[in-house]
Amino acid sequence: MQKTILIVLSLTFFTFPSKAQTRFGLKGGVNLANVSITSGGVTVTPDALTSFHAGVLLESRLTERTLLQLNLLFSQKGYESQALSSKFTVNYIEIPVNLLYEVTRDFTLGGGIYAAHAINGKGVIQGKSSDYDFGTGKANRFDMGVNLIAGYEVIEGLRVSVNYTYGTANTTDNGYIKISNKVWGFSLTKLVGER
C-alpha cells in the first residue's frame, strides 16, 4: 500500500500536464518539526526541532482561480527534548500534492496530501549518537498525512508561504506506541514560467 501511494504520486509528478499554464519552482525554507507520541491513551508532545526543507515544484492552472501544485522535497523532521538532553532527526524524501485557490492574484490558500520515505535518521541522547534502526519492531520509513498551505507572491515569481503538515502514519513499528509527525514550514519559492 505504501509503495503504491509513492508510485502513484511519483507518476503524477512526472506526467504533469504540459499544455496547461505551468510554472516551475525552486523551494526552500525552515521546518519547526515535532511529533505527537501516544501510548496507553496518553499523548505527549516534546520540544520542536528547527530543521529545513528544499526541493522543486510544478504548478499548473486548472481553472481561472485553482492550481494543482506538485512538490518533490528533501525534508528533515524530528523533535528534541531539552529536559532529557536528546534530539532525534529523520531525513525524508517527500511528495506533497496540493490544490490551491487564488483568493487574489497574489494570495493563495490550499491543502492536500503528502507521502514521504525516510532516507536515514539519527538520535542523540546526552551526547551519545546512534543511527535509526528501520525495520520490524523499529522505525517505519513510510510517512503520510495532510497539508494546509497559504502563500503570498511578494513580487512576480517570488512567493513566501507557510504550511502545516499533519502526519497520519505511525512512524514506529511498535504496537504499543504511536509517533506521528507534525511540522510547521516557512518557505521561499522562486517560480518561473507562464502564470
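The basis for the numbers below is simple: all heavy atoms, side chains too, and nothing from hydrogens, waters or symmetry mates. One-based numbering along the sequence shown.
Y166 and L109 are assigned to two separate hydrophobic clusters, defined by single-linkage of ILVMFWY side chains at heavy-atom distances under 4.5 Å. There is no path of hydrophobic side-chain contacts, each under 4.5 Å, that joins Y152 to I149.
Nearest heavy atoms, E194 versus R23: O-CG, 3.2 Å. The two residues I37 and I177 come nearest to each other via the heavy atoms CG2-CD1, 3.5 Å. Annotation for N140 and T172: closest pair ND2-O, 3.3 Å, computed over non-hydrogen atoms. Across N147 and I113, no two heavy atoms sit closer than the pair ND2-O, 3.3 Å. Between S86 and I125 the shortest heavy-atom distance is CB-CG1, 4.0 Å. The two atoms that bring E80 and P46 nearest to each other are O-CB, 3.6 Å, heavy atoms only.
A cation-pi arrangement is absent between K87 and Y79, since the terminal nitrogen or guanidinium carbon is not both under 6.0 Å from the aromatic centre and inside a 45° cone about the axis.
In this structure the side chain of K77 reaches within 4.5 angstrom of the side chain of E94, judged on heavy atoms. In this structure, the side chains of L191 and L57 come closer than 4.5 Å at one or more pairs of heavy atoms.
The one candidate from V146, N163, D143 that meets the side chain to side chain contact (heavy atoms under 4.5 Å, CB included) condition with Y114 is D143.
In this structure, N91 contributes its side chain and Q76 its backbone to no donor-acceptor pair below 3.5 Å. Side chain of S187 to backbone of S161: no donor-acceptor contact under 3.5 angstrom is found. For the pair R159 (side chain) and L188 (backbone), a donor-acceptor distance under 3.5 Å is absent. The closest donor-acceptor contact from the side chain of R65 to the backbone of Y101 lies at 3.5 Å or more, if one exists at all.
Within 6.0 Å of CD in Q82 there are 12 or fewer heavy atoms belonging to other residues, nucleotides or ligands.
Remark: the T45 side chain and the N34 side chain contain no N/O donor-acceptor pair separated by less than 3.5 Å.
Ring geometry for Y132 against F88 counts as perpendicular: the plane angle is over 60°, on a 0 to 90° scale with 30° as the lower cut. Using the six-membered ring where Trp is involved, W184 and F186 have ring planes that are parallel, under 30° apart on the 30 and 60° scheme.
Taken to the nearest 0.5 Å, the CD atom of E153 stands 10.0 Å off from the OG1 atom of T104. Rounding to the nearest 0.5 angstrom, the gap separating the CG atom in D131 from the NZ atom in K122 is 5.5 Å.
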Practice prompt. I would like to know whether K27 and E59 meet salt bridge (Lys or Arg N to Asp or Glu O under 4.0 Å); could you show each step before the answer?
Written response: CA-CA 12 Å; K27 180 177 184 176; E59 195 171 89; over 6 Å; no

